[in-house]
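First up is the structure itself, then whatever we jot down about it.
Labels below follow one simple rule: chain letters A, B, ... track the order of the sequence lines, proteins then strands, and each chain is numbered from 1.
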Amino acid sequence: MRITTWNVNSIRTRVDRVIAFLERSGTDVLAMQEIKCKPEQFPAQAFEEAGYHVAVHGLNQWNGVAVASRLPIVEVRQEFPAQPTWGDPAVVEARALGVTVEDEAGQRTTVWSLYVPNGRELDNPHYPYKLEWLAALRAEAKMWLEADPNARIALVGDWNIAPFDHDVWDMAAFEGATHVSEAERAAFFAFAEDGWAEVTRERVDNYTYWDYQKLRFPKNEGMRIDFIYASPALAEAVRSAEIDRNERKGKGASDHVPVIVDVD
DNA sequence: ATGGCCCGCTCAGCGGGA
């Protein structure tokens, strides 16, 4: 089974490109972030015609997550329990969608499509929101592992954190910025303490994001911020991982590229 | 080469992205 996560930066703008990727890559389950639309605006028909079921969680033009699957979807969860709110009035944003699929043998796999808050600046309220969001997710996810140690669960998406200095092109450019702070990195690595394994790091070395501005892509000035954390049972089944850098090329590209894993 | 911001919403300017 091939699982891909991709921050598509508006599905309505990019639907043809996403469908072409699905067919070319042979992805079975695609977790999307930043779909930037409501469910009724999601181009579901294009996915269905390509042979995919879809689950969509979107409130407005901000954020939004979705999952497309060739395997039947047997359970969908919008938000995770105790997901922190943002704004006034307080809203549980569309940043998490848990989809369970079932293969021909009856084996179930749950993929959480996650769009971690950006944080904006270190002195912006969005930054503590980001840290609280990650801590709340960690607490919930730990309970999922405890409830079923053999569960196949993937926490995938745009984590908006560069865990290591070499995950950005130049640390000097991130002096005092979010994405590289010690607190964010600690929040990211904390998942590993509970048994989650980030399964792409040891198999592929590349950035997953290049800013649209300042010729970041031609200069290969990118960031590695999209990751796949797997439960112990799923991590054991991972066979390979890829980052499809070619998807950043050409007109009409998202600023993120697909991150792919193959699991037995 | 892979190219100099791009998205949605509302209509020219802005909030958000990282």
Exercise for review: Take atom P in B/dC7 and the same atom in B/dA18, then report the distance between them in whole Å.
Suggested key: 14 Å

Point to revise | Residues that A/D88 engages under side-chain hydrogen bond (donor to acceptor under 3.5 Å, both in side chains), provided they are two or more places apart | key: none

Point to revise | A/E236: side-chain hydrogen bond (donor to acceptor under 3.5 Å, both in side chains) partners, not counting sequence neighbours | key: none

Close residues, [range], relative to DNA chain B [heavy-atom separation under 4.0 Å]:
range	value
residues 169-180 of chain A	A/H179
residues 246-253 of chain A	A/K249, A/G250
residues 9-20 of chain A	A/S10, A/R12, A/T13, A/R14

Review point. In terms of the nearest nucleotide of DNA chain B, which residue is placed more toward the 5' end: A/W86 or A/Q41?
Key: A/Q41

Practice item. Specify the residue among A/N7 and A/Y212 whose closest nucleotide of DNA chain B lies further upstream toward the 5′ end. Key: A/Y212

Review point. Under 4.0 angstrom, heavy atoms only, what part of the nucleic acid is A/D158 near: base, sugar-phosphate, or nothing?
Key: sugar-phosphate

Check your understanding: Checking all strands, does A/Q61 fall into the base, sugar-phosphate, or nothing category for heavy-atom contacts under 4.0 angstrom?
Key -> sugar-phosphate

Exercise for review: Could you check how far CD of A/E93 sits from C1' of B/dG16, rounded to whole Å?
Suggested key: 11 Å

Point to revise | Charged N-O contact under 4.0 Å between A/E242 and A/R2 | key: yes

Could you tabulate the donor-acceptor pairs under 3.5 Å formed by side-chain atoms of residues 184-197 of chain A, not counting sequence neighbours?
| from | atom 1 | to | atom 2 | distance (Å) |
| --- | --- | --- | --- | --- |
| A/E184 | OE1 | A/H179 | N | 3.0 |
| A/E184 | OE1 | A/S181 | N | 3.3 |
| A/E184 | OE1 | A/S181 | OG | 2.5 |
| A/E184 | OE2 | A/K130 | NZ | 2.5 |
| A/E184 | OE2 | A/H179 | N | 2.7 |
| A/R185 | NE | A/A162 | O | 2.8 |
| A/R185 | NE | A/P163 | O | 3.2 |
| A/R185 | NE | A/V180 | O | 3.4 |
| A/R185 | NH1 | A/D165 | OD1 | 2.8 |
| A/R185 | NH2 | A/A162 | O | 3.3 |
| A/R185 | NH2 | A/F164 | O | 3.4 |
| A/R185 | NH2 | A/D165 | OD1 | 3.1 |
| A/E193 | OE1 | A/R138 | NH2 | 3.4 |
| A/D194 | OD1 | A/R138 | NH2 | 3.1 |
| A/D194 | OD2 | A/R138 | NE | 2.8 |

Review point. Cation over ring, A/R95 on A/Y115, under 6.0 Å and within 45°?
Key: yes

